[in-house]
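Quick notes on the structure that follows.
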Amino acid sequence: MAKQNERPTLATVAAHAGVSIKTASRVLNGEKHVARATAQKVEESAAELGFRLNPTAKRLRAGGRSPYVGVVLSAADDALQTRAFTALEAELSAVDLRPVVTVIGGSPDREVAFLDECLANDLSGIIVLRAHPDMTGIYSRAAGADVRIVSFDPAVTGAGVTVITGDEVAAGQLAARQLLDHGHLALGVIGDHSTSLVTIRRLEGIRSAFAGRGDIGWRAYMREDAHDEASAKNVVAAWLGSRSAPSALITLSATLTQGAIDACRRLGEWPALVGIDDFPTAELLDVTVVDRDIEAMAAEAVRRLQAPAGKGDGCLGGSGGDGLDGGGGRTCGGQDVFPVALIARGSGEEPPDRR
């Protein structure tokens with residue numbers, strides 16, 4: 001008998017049933033050619049002792065990989081990353097995989113340590129939702145360790161890394177055009193870290209929408225360093241408190257959108273607003289956003305994580321040669337680019353006569 005609070009082992013079960021460890025293992029792993037009476041003794045002993053097979057150990061012994069997948073988030077309170085993780089967890093569960101999560105915050109060392117741990121424990125793969133801006137290159141070194149890496153962060157590239165991303169340039173274009181189409185000429189643009197590739201691409205889209213329009217005032221209201229809700233709130237409050245406030249706002253992430261809304265609420269000033277990336281209360285607050293199909297992206301990420309090496313590399317030809325794959329994204333050079341769409345809820349359709 002196993003001592004109280006002592007986890008029973010296969011050897012304990014074998015001894016309790018009066019059989020060899022090999023016989024106990026064969027019974028508990030469902031192998032045939034064991035006498036029914038012997039199998040019954042082993043099963044009864046396992047039940048009495050509370051023994052359960054370790055599915056991870058069984059999988060590894062059979063030549064498989066760990067059922068765990070490393071998932072990297074930069075912030076736990078980021079709405080997009082939270083939505084993506086929820087979708088990923090459901091997709092992983094459907095194929096008997098489980099996430100092991102780290103939130104790196106502002107610590108590059110934590111990200112490096114987590115990658116090393118994932119490699120040391122032979123995890124089935126790594127999914128990067130957002131990397132630290134200074135650490136995007138570390139994942140390419142994992143290619144030699146035969147670990148499949150899928151990233152939602154377009155800055156994480158390298159051999160063996162597949163990127164699943166939204167069309168960030170189109171997102172910036174849609175946000176800007178929506179406000180231009182409603183007559184706005186003075187627009188405030190609030191961005192995240194200026195070194196972030198996501199921010200750079202979204203700003204590229206905004207600039208392209210303003211190209212050739214000398215009557216658009218936005219550079220005076222451009223901020224690229226409002227990396228959290230509090231700083232976005234302060235920026236918007238300062239703008240709205242001035243005599244020459246913008247009539248419309250574009251926020252380049254859900255976190256920044258929430259900060260901007262807080263400033264508007266506190267001051268009782270409501271310029272038109274289009275945010276990039278949806279968030280849970282956006283519909284309730286009638287906030288117009290530009291978003292993508294996160295569930296489809298998560299499903300594609302898990303599919304690519306499980307695909308044989310080399311599968312899906314290069315460009316997948318779709319109808320009309322636009323490279324659309326089965327998940328709705330455009331796949332080329334190891335990157336799956338998913339389309340974005342504007343969801344008009346009211347805040348982005350306000351006229352420019354607020355003041």
Side-chain angles (χ1 to χ4, degrees), residues 1-73 76 81-82 84-105 107 109-129 142 144-150 295 298-299 301-309:
M1 291 289 291
K3 295 179 181 179
Q4 189 175 6
N5 297 325
E6 181 180 316
R7 183 175 180 179
T9 65
L10 186 62
T12 309
V13 173
H16 187 275
V19 300
S20 68
I21 294 177
K22 183 177 181 179
T23 297
S25 176
R26 290 174 61 191
V27 172
L28 296 174
N29 281 289
E31 297 180 23
K32 299 179 180 179
H33 312 300
V34 178
R36 181 175 298 180
T38 300
Q40 185 175 350
K41 286 195 300 181
V42 172
E43 290 167 353
E44 289 175 350
S45 294
E48 182 178 340
L49 296 171
F51 175 82
R52 296 181 64 184
L53 281 174
N54 184 330
T56 300
K58 178 180 177 181
R59 186 169 180 167
L60 293 174
R61 285 195 301 269
R65 303 193 67 141
S66 165
Y68 296 101
V69 172
V71 180
V72 178
L73 289 79
Q81 293 182 63
T82 301
F85 175 73
T86 300
L88 281 169
E89 189 171 30
E91 293 292 338
L92 290 169
S93 177
V95 292
D96 296 322
L97 293 173
R98 294 184 288 280
V100 178
V101 184
T102 188
V103 179
I104 59 173
S107 173
D109 291 341
R110 185 180 302 169
E111 190 164 3
V112 173
F114 183 73
L115 176 59
D116 289 343
E117 188 174 347
C118 290
L119 299 180
N121 287 280
D122 196 30
L123 267 61
S124 287
I126 300 170
I127 298 177
V128 183
L129 294 182
D146 192 31
V147 173
R148 183 64 58 86
I149 297 175
V150 178
E295 288 71 24
V302 174
R303 186 186 74 80
R304 295 297 289 268
L305 196 69
Q306 293 191 298

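Just the heavy atoms: all of them, side chains too, but no hydrogens, waters or symmetry mates, feed the values below. Every value quoted in this text rests on a predicted model; they were computed, and no experiment measured them.
In this structure, A24 and A14 approach most closely via the heavy-atom pair CB-CB, 3.9 Å. The two atoms that bring L92 and P99 nearest to each other are CD1-CB, 4.1 Å, heavy atoms only. Of all heavy-atom pairs between E91 and E295, the closest is OE2-O, 4.4 Å. When all heavy atoms of A39 and V27 are compared, the pair lying nearest together is O-CG1, 3.7 Å. Of all non-hydrogen atoms in L49 and V13, the two that sit nearest each other are CD1-CA, 3.9 Å. The minimum heavy-atom distance linking C118 with G70 is given by the pair SG-CA, 4.1 Å.
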key: Steps toward side-chain contact (heavy atoms from CB on, under 4.5 Å) verdict (L88, L129)   = CA-CA 10 Å; L88 281 169; L129 294 182; 3.6 Å; yes

Run the numbers on F85 and V71 for side-chain contact (heavy atoms from CB on, under 4.5 Å), then give the verdict.
CA-CA 8 Å; F85 175 73; V71 180; 4.0 Å; yes

#### Entry: Verdict with reasoning, F114 to V72, per side-chain contact (heavy atoms from CB on, under 4.5 Å)
CA-CA 8 Å; F114 183 73; V72 178; 3.8 Å; yes

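Looking only at distances, a side-chain donor or acceptor of R148 sits under 3.5 Å from a matching main-chain atom of R304. Under a 3.5 Å cut-off, the side chain of R110 and the backbone N or O of V103 do form a donor-acceptor pair. Proximity of a side-chain donor or acceptor of T82 to a complementary backbone N or O of A76 within less than 3.5 Å is detected.
Between the OG atom of S45 and the CG atom of L28 there is a distance of 9.5 Å, given to the nearest 0.5 Å. The structure places CD1 of I127 at 5.0 Å from CG of L305, a figure rounded to the nearest 0.5 Å. Taken to the nearest 0.5 Å, the CG atom of L123 stands 8.5 Å off from the CD atom of E117.
Q40 pairs with exactly one of E44, R36, E43 by the side-chain hydrogen bond (donor to acceptor under 3.5 Å, both in side chains) rule, that one being E44.
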